[in-house]
2 protein chains.
Amino acid sequence: MQKAPEKFRFAAVAVDVVVFGIRDNELCVLVDTVHRPPHYDNIPGFPGAMVLPEENTDEAAARVLRDKVALQPIHLEQLYTFSEKDRDARNRVVSVAYMGCVRPNQIETYDHASASFVPLRSLKKMAYDHISMLQLAEKRLAGKLEYTTIAQFLLPTHFTLTELQNVYEIVKRTTFDKRNFRKKILALDIIAETGEVQSGVQNRPAALHKFVKSTIQKIEFLG
Amino acid sequence: MQKAPEKFRFAAVAVDVVVFGIRDNELCVLVDTVHRPPHYDNIPGFPGAMVLPEENTDEAAARVLRDKVALQPIHLEQLYTFSEKDRDARNRVVSVAYMGCVRPNQIETYDHASASFVPLRSLKKMAYDHISMLQLAEKRLAGKLEYTTIAQFLLPTHFTLTELQNVYEIVKRTTFDKRNFRKKILALDIIAETGEVQSGVQNRPAALHKFVKSTIQKIEFLG
DNA sequence: GCAAAAGTGTTAGGTATACACCCATGC
DNA sequence: GCATGGGTGTATACCTAACACTTTTGC
């Protein structure tokens, strides 16, 4: 594959990845530390990298997570492309942003020198235009809960109905009636009992459920 | 603004624009003629161009329509970014695809040497990966009808309720009961009577309506 | 037996659906 | 007066929302 003509190659194509996960009943994102004097001095930013000649942007997003922050997200999808001329003060970079999800155990065991999962509310300033990315990603995630089974990627494979309801309540910043939530979600036929129950809890153990399909599905609008 | 380092500038960033409009009760898109031997020999493709140093991709998409096909769409939004390594056989091009809408009078009066509005069903083969873009854009448009007021951009500013219903039926490839459709759409309080009626029709003239807000709004899910 | 979370039904109000006829206009 | 599309109401089924108590377990 040839390079494009020089005059059109003023910009680099990058990917940045917003990875969501839930910890301690809070929505968190994975941020790395950006240190690029003189513009950025140890400020949080999403993991990202330039796209390489031998990969497309999906592959670049997966590589960034694997190689830069040692993480394999359970779900990854394209979010939006950010192309403002001055979004990177050093030179022209067009960034294809991705959104990902990880399960709670991936957060609990996560350990990295510079990157970590932090609650959304703790992020006031971020490098580049990453605050815009975060806002858009959060909206997209909340939206997708309503019409897809994306919630499964923020849960263990086997989970209780209360845990599932918590995902909805945390991401959508609202509360639901327990009985109505269960009726609605069970009527969709997207989850099934595993037959197992919780262990090691001090109260009545809840029945464990799983998503019938392990890939993302469309569901009927779930307020 | 500097250029990015040479090693990351192997790709060019392009935009391609999928413009929808309705003519003769059919959903049409604007296609231009791609003639790039030896790969493409007068095959339809969406208008596109390389992004220039002095613009972002939104601006590039607007410029492409203005300068290449002499069209000012009434609505334009980012669709998806296509980055497969071999999507352009000549060299590496990452394309940020946009979706636009035009009103019927813009189609009726449209006249251009190489570009034209054609019904979707007439497009079997297209240049590059433009068939994928078209499929995604069509799905996005149908989806957005349900939860936004995007339909307004496919209609004259003053329209009849039947015309509005036709937009939904054509794009979603289905039919609705007239009374139920009207009840639902009127209950949303997004459209108002203009006080005018149709003229020059052979039957009872329909009342003309308009969208209360001329920008795209979120609405409650409208099946 | 107490603390903690799990699990479960009913009712009422509102929404969605199915359905058919009369109206206004131009020719 | 006829052809054409415009405009309207009701009854039923379904879905949604509000609401509180009993069960099971570990300690």
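Here is how names work: the chains are called A, B, and so on, in the same order as the sequence lines, proteins then strands, and each is numbered from 1.
Summarising the local packing, CD of A:E220 is surrounded by 12 or fewer heavy atoms from other residues, nucleotides or ligands at distances under 6.0 Å. Shown here is B:Q72, whose CD atom has no more than 12 heavy atoms of other residues, nucleotides or ligands within 6.0 Å.
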B:I22 vs B:V167, test: side-chain contact (heavy atoms from CB on, under 4.5 Å). Steps then yes/no.
CA-CA 8 Å; B:I22 291 176; B:V167 170; 3.9 Å; yes
Run the numbers on B:D32 and B:S114 for side-chain hydrogen bond (donor to acceptor under 3.5 Å, both in side chains), then give the verdict.
CA-CA 6 Å; B:D32 206 344; B:S114 62; 2.6 Å; yes
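Proximity of the aromatic rings of B:F20 and B:F153 is defined here by a centroid distance below 6.0 angstrom, and this criterion is not met.
At whole-Å resolution of the value, CZ in B:F221 and P in D:dT16 are 12 Å apart. Taking atom CG of residue B:D177 and atom P of nucleotide C:dT15, one finds them 18 Å apart after rounding to whole Å.
Judged by closest nucleotide on DNA chain D, B:H209 is the one of B:H209 and A:K178 placed further toward the 5' end.
Relative ring orientation between B:F176 and B:F181 is described as tilted, the plane-to-plane angle lying within the 30° to 60° band. Ring geometry, B:H112 versus B:Y110: the interplanar angle falls under 30°, so the pair is classed parallel (tilted spans 30 to 60°).
Residues of residues 197-207 of chain A having a heavy atom closer than 4.0 Å to DNA chain D, listed by number: A:V201, A:Q202, A:N203, A:R204, A:P205. Taken residue by residue, residues 155-168 of chain A places no heavy atom nearer than 4.0 Å to DNA chain D. Within residues 180-193 of chain B, the residues having any heavy atom closer than 4.0 Å to DNA chain C are, in order of number, B:N180, B:K183, B:K184.
B:D88 and B:R36 are not joined by a salt bridge, as no carboxylate oxygen comes within less than 4.0 angstrom of a charged side-chain nitrogen. We find that A:R173 and A:E138 are joined by a salt bridge, their nearest charged nitrogen and carboxylate oxygen being less than 4.0 Å apart.
Contact of B:R179 with C:dA20 (side chain to base): a donor-acceptor pair of N or O atoms is detected under 3.5 Å.
Side-chain contact check for A:F46 versus A:M126: some heavy-atom pair is nearer than 4.5 Å.
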